[in-house]
Amino acid sequence: MNIDVLTLFPEVFDTYLQTSVIKRAQDSDAARVRLVNFRDYSMDRHHTVDDYPFGGGAGMVLKPEPLFRAVEALNEDEIPIERIILLSPQGRPFTQNVAKELSSVKRMVLICGHYEGFDERIREHLVTDEVSIGDYVLTGGELAALVVMDAVIRLIPGVLGNPDSAGSDSFSNGLLEHPQYTRPRKYLDWVVPEVLLSGNHQEIAKWRHEQSLLRTLQRRPELLNDRQLSDSDLEWLKHQANKEPTV
Ligand code: ADE
């Protein structure tokens, strides 16, 4: 996967991209991330990238020319650009499903804004997608681009050591992940649930599935609306709902 990031602050990406799974993905060529400062594509000797909004108002607006020219330069590479994604609080909410969808893209461009906003022609005529990482406003799209890259790159086949790891993540099946335990079996007064020590894989899988359902019901009940539950899941949840107060 090839990712080109258009940003005015390429230096903020360095440490994160050189760490852990994301670094390994790049070292193994599963992902290649290129950082491009679109100020280099500005049209004047002052390297201006923003200007006052027509009609007045607070803040500055990113001009169209530097971003259009930067993408034009990227288009000269032979690998076709499949997506041009603008990071913005007005975008489509970024979820695990969107991460999955993007994990099969061969080449994408992420555009990070700064300042008050973008000239609308960037939205209308340059980008293919607009993505938000949550209902809050960041000072720029850089953190959002890192979030998107992290969530997407770890889903590229071969990037996580164990191919099952991504499959059991929270959200990967529309539910929150079940509780996990490791050694010691007893810490202070707290013991690991017996079933996990039983060696009975069927029972363990059943317990984990039920815990996933329960946790989702307690913490994010709205996720259950988007999911087709089996009769036995529904029955089990109803039973639990009568037993346990939900938060
Ligand atoms: N840029 C500023 N805020 C953002 C958000 N919430 N998501 C994506 N990009 C942003």
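Start at 1 and go down the list; that is how both ligands and their atoms are numbered.
- Listed by atom number, the atoms of ligand 1 under 4.0 Å from Ala144 heavy atoms are 8 (C), 9 (N).
- Here OG of Ser88 is found 11.0 Å from CD1 of Ile111. Values are rounded to the nearest 0.5 Å.
- Close contacts of ligand 1 with Leu87, meaning ligand atoms under 4.0 Å from a residue heavy atom, involve 8 (C), 9 (N).
- Judged by distance alone, the side chain of Gln211 and the main-chain N or O of Pro179 form no donor-acceptor pair under 3.5 Å.
- No donor-acceptor pair under 3.5 Å is formed between the side chain of Asp77 and the backbone N or O of Ile79.
- Inspection of the Asp50 and His114 side chains reveals no N or O donor paired with an N or O acceptor under 3.5 Å.
- Here's the thing with Gly134: one of its N/O atoms is less than 3.5 angstrom from an N/O atom of ligand 1.
- In this structure, Gly113 does not count as a contact residue of ligand 1, since none of its heavy atoms falls inside 4.0 Å of the ligand.
- When atom types are taken as modelled, the side chain of Glu65 and the backbone of Met43 share no donor-acceptor pair closer than 3.5 angstrom.
- When atom types are taken as modelled, the side chain of Thr7 and the backbone of Phe9 share a donor-acceptor pair closer than 3.5 angstrom.
- Of all protein heavy atoms, the one lying nearest to atom 7 (N) of ligand 1 is Ile133 N, 3.0 Å.
- Listed by number with element, the atoms of ligand 1 under 4.0 angstrom from any heavy atom of Val131 are 8 (C).
- Those atoms of ligand 1 that come under 4.0 Å of a heavy atom in Ser132, given as number and element, are 6 (N), 7 (N), 8 (C).
- Residue, atom and distance of the protein heavy atom nearest to atom 3 (N) of ligand 1 are Leu138 N, 3.0 Å.
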